[in-house]
Asker: 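Please see the structure below; I have some questions.
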2 protein chains.
Amino acid sequence: MSTTGELKTTSRMGRQPSTSHAELSHVALELFRVRGFDRTTVDDIVAAAGIGRRTFFRYFPSKNDLPWGDFETLLERMREHLASLPSDLPLVEALCASVIEFNRLPASEIPYHRERMELLLHVPSLLAHSTLRYASWRQVVAEFVADRLQVPEDSLEPQAIAWAFLAVSLSAYEQWLKTEDADLLELLAAAFRTLDSAFRLREHG
Amino acid sequence: MSTTGELKTTSRMGRQPSTSHAELSHVALELFRVRGFDRTTVDDIVAAAGIGRRTFFRYFPSKNDLPWGDFETLLERMREHLASLPSDLPLVEALCASVIEFNRLPASEIPYHRERMELLLHVPSLLAHSTLRYASWRQVVAEFVADRLQVPEDSLEPQAIAWAFLAVSLSAYEQWLKTEDADLLELLAAAFRTLDSAFRLREHG
DNA sequence: TTCCATTCGGCACTCGGTGTCATTAGTATC
DNA sequence: GATACTAATGACACCGAGTGCCGAATGGAA
């Protein structure tokens with residue numbers, strides 16, 4: 001509407017934010033590391049970050065969402081990776097490759113990722129809450145499968161396969177956390193092979 | 001210690017309980033049906049049941065546990081079913097059969113089961129909480145697989161397979177809820193076949 | 001300077017869940 | 001029947017997560 005056609009993102013800015021997702025996340029994760037998730041209250045976090053309690057809940061919808069960094073961006077990357085694969089690559093191969101790609105991280109990030117996943121998989125309230133986040137991950141897989149099989153996204157096949165790949169990924173993660181220095185990508189591949197051979201063994205009854 | 005050797009279960013009883021799991025469950029489910037899960041408070045439930053708030057939490061550890069009837073007994077039945085199967089029945093076949101058996105219900109129970117599952121899978125807080133209950137289900141499967149494969153229960157193979165079977169079951173349940181008059185057992189079987197063929201298609205690259 | 005957009009943060013409130021403890025209601029013993 | 005013991009009850013206060021409301025703070029633009 002303005003004469004210059006300037007974007008809303010640069011004009012008419014109000015008060016500047018006093019913190020950021022990254023900063024809150026950093027402060028909170030440190031507290032979780034030291035005192036544990038359950039024994040760290042939101043009041044502890046906002047005190048450490050020097051903001052008001054009310055402000056915290058404008059940055060994160062819940063305490064449970066803190067350990068989940070920018071998951072949506074990761075999902076978008078995975079969606080693109082799936083779309084970029086040649087269409088003659090078999091479905092399961094494509095999914096295995098993409099899941100592994102999705103979990104590839106620079107070596108420097110691995111210790112932090114380990115700590116985050118340790119929380120997400122071993123703190124009961126986070127484990128439970130994670131289910132809601134995984135739903136969007138499954139949706140990405142289901143969309144791809146539905147497109148490949150030419151069936152609706154919400155039909156049985158895409159949903160079952162999406163669930164199964166999530167399931168296998170989680171079992172690989174659990175193994176990864178169990179032993180220091182384990183290779184996550186290798187474990188993922190092994191988990192896929194397990195499922196593969198389990199079902200193959202079915203034949204010769 | 002008594003001269004008659006009488007069991008503690010019959011002697012020296014104190015005040016009789018003013019309610020029961022079944023009654024609370026019944027009262028609560030009815031309220032959930034009418035007003036929805038989130039808009040029914042624990043105070044509503046205890047008022048309807050005519051008990052004290054504190055008493056409620058002695059019967060159920062949380063509001064989220066209400067829709068889960070006696071899950072442990074069901075698990076025990078599944079464990080026994082798995083153990084009763086001939087050891088030359090292939091692993092995957094045994095699991096498919098047991099999961100299907102686990103979900104077999106008398107026709108009269110089906111409408112109630114539908115309502116319970118509708119809550120468990122479609123109310124976010126219940127969906128999240130369910131993850132914690134599913135863990136014991138997975139444990140039953142993992143124990144069986146570990147025994148069959150002669151590997152530790154917490155190793156990758158049993159865990160991955162347990163996760164995968166849970167995943168496939170859930171996708172079948174979602175389909176079941178989506179359409180009136182669907183056959184749950186048939187959907188479960190179809191979901192297993194989906195996973196089966198997805199992995200089989202992998203071969204011929 | 002004035003106006004406006006936007007964020008901040010205090011306050012009161014709801015709801016789920018827990019620890020404590022006196023009370024109640026049964027049974028067995030004397 | 002009085003008493004002792006047992007077990008469940010429920011009232012109270014408390015905690016922590018999360019929300020609605022609203023005035024105050026802070027910046028750029030007119």
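All figures in this text were calculated on a predicted structure; none of them were measured in a lab. Side chains are part of it too, since the values below use all heavy atoms of this structure and drop only hydrogens, waters and symmetry mates. Sequence lines set the chain letters: A, B, ... in the order given, protein chains first and strands last, and positions in each chain run from 1.
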Asker: Expressed in angstrom and rounded to an integer, what is the separation of D65(A) atom CG from dA17(D) atom C1'?
Answerer: 13 Å
Asker: Would you say the ring centroid of Y134(B) lies under 6.0 angstrom from that of W137(B)?
Answerer: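 Ring-ring flag for Y134(B)/W137(B): false, centres at least 6.0 Å apart.
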Asker: One pair to check against side-chain contact (heavy atoms from CB on, under 4.5 Å): L66(B) and F32(B). What are the steps and the verdict?
Answerer: CA-CA 10 Å; L66(B) 266 172; F32(B) 295 161; 3.9 Å; yes
Asker: Considering just the side-chain nitrogens and oxygens of T55(B), establish if one lies under 4.0 Å of OP1 or OP2 belonging to dG10(D).
Answerer: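 Indeed, a polar side-chain atom of T55(B) lies that close.
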Asker: Would you say the side chain of L177(B) lies within less than 4.5 Å of the side chain of E174(B), judging by non-hydrogen atoms?
Answerer: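 No, too far: nothing below the 4.5 Å cut-off.
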Asker: Roughly how many Å is it from CE in M13(A) to P in dC8(C), rounded to a whole number?
Answerer: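 Value for this atom pair: 11 Å.
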Asker: Hey, does E115(A) have a side-chain heavy atom less than 4.5 Å from the side chain of L119(A)?
Answerer: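 The answer is no; the side chains never approach within 4.5 Å.
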Asker: What nucleotide, of dA17(D), dT7(C), dT9(D), holds the atom closest to the side chain of T19(B)?
Answerer: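 The nucleotide sitting nearest to the side chain is dT9(D).
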Asker: Between atom CG in N64(A) and atom P in dG16(D), what is the gap in whole Å?
Answerer: 16 Å
Asker: Rounding to an integer number of Å, can you tell me how far F57(B) CZ sits from dC12(D) P?
Answerer: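 Answer to the nearest Å: 17 Å.
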Asker: Kindly say if Q16(B) contacts the phosphate of dG26(C), meaning a side-chain N or O under 4.0 Å from OP1 or OP2.
Answerer: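 True: Q16(B) side-chain N/O within range (under 4.0 Å) of dG26(C) OP1/OP2.
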Asker: Is T40(B) touching bases, backbone alone, or none of the nucleic acid, heavy atoms closer than 4.0 Å?
Answerer: sugar-phosphate
Asker: What is the separation between atom CG on D44(B) and atom P on dT14(C), rounded to the nearest whole Å?
Answerer: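 The distance from CG of D44(B) to P of dT14(C) comes to 13 Å, rounded to the nearest Å.
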Asker: Establish, with yes or no, whether the OP1 or OP2 oxygen of dG16(C) is under 4.0 angstrom from a side-chain nitrogen or oxygen of S62(B).
Answerer: no
Asker: Let me spell it out: for each of R54(B) and R15(B), pick the nucleotide of DNA chain D with the closest heavy atom. Which residue's pick is nearer the 5' end?
Answerer: R15(B)
Asker: In this structure, how many angstroms lie between the C1' atom of dA11(D) and the CG atom of D43(B), rounded?
Answerer: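 D43(B) atom CG is separated from dA11(D) atom C1' by 13 Å.
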Asker: For the pair made of CZ in R58(A) and C1' in dA17(D), what is the distance, rounded to whole Å?
Answerer: 16 Å
Asker: The side chain of R53(B) lies closest to which of these nucleotides: dG18(D), dT24(C), dG17(C)?
Answerer: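 So the nucleotide nearest the side chain must be dG17(C).
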Asker: Measure CZ/F56(A) against P/dC8(C) and give the value in whole Å, please.
Answerer: 13 Å
Asker: At under 4.0 Å, does any side-chain N or O of S18(B) touch on OP1 or OP2 of dA8(D)?
Answerer: no
Asker: Show your working on side-chain contact (heavy atoms from CB on, under 4.5 Å) between L95(B) and F192(B) and close with a plain yes or no.
Answerer: CA-CA 10 Å; L95(B) 288 172; F192(B) 291 135; over 6 Å; no
Asker: May I ask you to verify if any side-chain N or O of Y59(B) is less than 4.0 angstrom from the OP1 or OP2 atom of dT9(D)?
Answerer: yes
Asker: From dT9(D), dC15(C), dA17(D), pick the nucleotide closest to the side chain of T41(B)?
Answerer: dC15(C)
Asker: Looking only at side-chain atoms of V42(B), point me to the closest of dC21(C), dG16(C), dA17(D).
Answerer: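 For the V42(B) side chain, the nearest candidate turns out to be dG16(C).
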